[in-house]
Trainee: 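Please find one structure pasted underneath; my questions will follow.
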Amino acid sequence: MNNLDPKYRTLATYQVAEAARFLRMHPGTLSVWLKGNRLLRPPAAQRIQLSFLNLVEAHVLSALRGRFGLSMQRIRIAMDELRHQWPDVGYPLATEEFFTDGKYLLVEKLGQLFNLNQGSQIEVGELIQVYLQRIDRDEIGPVRLHPFTVDPEVNPKRAEKRTVLISPYVSFGRPSIAGIGVATEVVYDRFVAGDTLSEMCKDYRLTPVQIEEVLRYESAISRAA
């Protein structure tokens, strides 16, 4: 039985700039999705902060825009259509599985594929699996997000690693190390202060590769600050 309180997934937790850093993207882009296009719907009580589920949605939206090149207009039309047909879906980009051919957006519902852009019949597009696989789910929905530490297009093998995670139930929703729950910024601060790789491997019982992944991630989001 799941004893993880679902309310923590929808709490206003992240400032826009902070969420953008964690996802290794420009805060201006996230701000446009939030305020300009309203593709992300943050908790009503605090419009300037995002929830964990909003963070997951931004991760998927980044894939649709960057990796697959869908236009913002098509994504917006697709989301409007999905919410119209299934009004109970509160966070569609976080909870649904999508396919795309780079032009249209499809969603799998009730065992069938629906073209949300209502275009002509098309072949089944590519499931954005490499991005959806970064999301761990339970019976309620998304519970953990594993942000990329490198660009999956540049280094797909290294991008498969899942050393870093973001979860509303671990380290107060801050990026942490999978399996041990230590905040990634703690490891990075120790490294900057002069602690060696071998010392931290011993302390946390991690491999050098895992520590390097943490440092790579924190270095990237620190530069984005």
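In this chain, numbering begins with 1 at the start of the sequence shown.
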Trainee: Take atom CZ in Phe114; do more than 12 heavy atoms of anything else shown fall under 6.0 Å from it?
Mentor: yes

Trainee: Hey, is OH on Tyr169 packed in by over 12 heavy atoms from elsewhere, all under 6.0 Å?
Mentor: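 Above 12, so yes.
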
Trainee: Answer yes or no: is there an ion pair linking Glu199 with Lys202, defined by an N-O contact shorter than 4.0 Å?
Mentor: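 Not counted as a salt bridge, because no side-chain N and carboxylate O are separated by less than 4.0 Å.
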
Trainee: Can a donor-acceptor pair be found, under 3.5 Å and without considering hydrogens, that links the side chain of Asp136 to the backbone of Val143?
Mentor: no

Trainee: Answer yes or no: is there a donor N or O on one side and an acceptor on the other, between the side chain of Arg74 and the main chain of Leu105, under 3.5 Å?
Mentor: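 Side chain of Arg74 to backbone of Leu105: no pair is present.
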
Trainee: Quick one, Glu57 with Asn54, criterion side-chain contact (heavy atoms from CB on, under 4.5 Å). Give me CA distance, side-chain angles, the key distance, then yes/no.
Mentor: CA-CA 5 Å; Glu57 288 194 301; Asn54 291 143; 3.5 Å; yes

Trainee: Nearest 0.5 Å, please: how far is CZ in Arg76 from CG in Leu70?
Mentor: 12.5 Å

Trainee: With a 4.5 Å limit on heavy-atom distance, are the side chains of Leu165 and Ser176 in contact?
Mentor: yes

Trainee: Would you please name every residue forming a side-chain hydrogen bond (donor to acceptor under 3.5 Å, both in side chains) with Glu18, sequence neighbours left out?
Mentor: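 Only Arg174 meet the side-chain hydrogen bond (donor to acceptor under 3.5 Å, both in side chains) criterion with Glu18.
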
Trainee: Only pairs at least two apart or in different chains count here, so list each ring pair (Phe, Tyr, Trp, His ring centres under 6.0 Å) that has a residue in residues 137-166.
Mentor: Tyr131-Phe148

Trainee: With distance as the sole test, does Tyr91 use its side chain to make a donor-acceptor pair with the main-chain N or O of Leu40 at under 3.5 Å?
Mentor: no

Trainee: Using a side-chain heavy atom cutoff under 4.5 Å and only I, L, V, M, F, W and Y, what cluster partners does Val209 have?
Mentor: none

Trainee: Are the side chains of Pro92 and Arg83 in touch, meaning some heavy atoms are under 4.5 Å apart?
Mentor: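 When only atoms from C-beta onward are counted, Arg83 and Pro92 do touch, with a gap below 4.5 Å.
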
Trainee: For Arg205 and Ile180, indicate whether the former's side chain and the latter's backbone hold a donor-acceptor pair under 3.5 Å.
Mentor: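 Judged by distance alone, no pair lies under 3.5 Å.
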
Trainee: Do Leu34 and Leu30 pass the side-chain contact (heavy atoms from CB on, under 4.5 Å) test, and can you show the C-alpha distance, the side-chain angles, and the key distance before you say yes or no?
Mentor: CA-CA 6 Å; Leu34 175 66; Leu30 188 55; 5.6 Å; no

Trainee: Let's go through Thr184 and Ile177 carefully: what are the C-alpha distance in whole Å and the side-chain angles of both, what is the deciding distance for side-chain contact (heavy atoms from CB on, under 4.5 Å) to 0.1 Å, and is it a yes or a no?
Mentor: CA-CA 6 Å; Thr184 56; Ile177 303 173; 4.2 Å; yes

Trainee: Are any non-hydrogen side-chain atoms of Val214 and Tyr188 less than 4.5 angstrom apart?
Mentor: no

Trainee: If you count every heavy atom of other residues, nucleotides or ligands that lies below 6.0 Å from Phe191 atom CZ, does the total exceed 12?
Mentor: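 At most 12 heavy atoms, drawn from other residues, nucleotides or ligands, come within 6.0 Å of this atom.
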
Trainee: Going by side chain to side chain donor-acceptor pair (under 3.5 Å), Thr149 matches just one of Lys161, Glu218, Arg216, Glu213. Which one?
Mentor: Glu213

Trainee: What verdict does the side-chain contact (heavy atoms from CB on, under 4.5 Å) test give for Leu4 and Ile140, after you've listed the backbone C-alpha separation in whole Å, the side-chain angles of each residue and the deciding distance to 0.1 Å?
Mentor: CA-CA 9 Å; Leu4 299 177; Ile140 299 173; 5.9 Å; no

Trainee: Check Ser167 against Phe52 and note the closest heavy-atom contact, atom names and distance.
Mentor: CA-CE1, 4.1 Å

Trainee: Would Val170 end up clustered with Leu53 when hydrophobic side chains under 4.5 Å apart are linked, directly or stepwise?
Mentor: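 Hydrophobic grouping puts Val170 apart from Leu53.
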
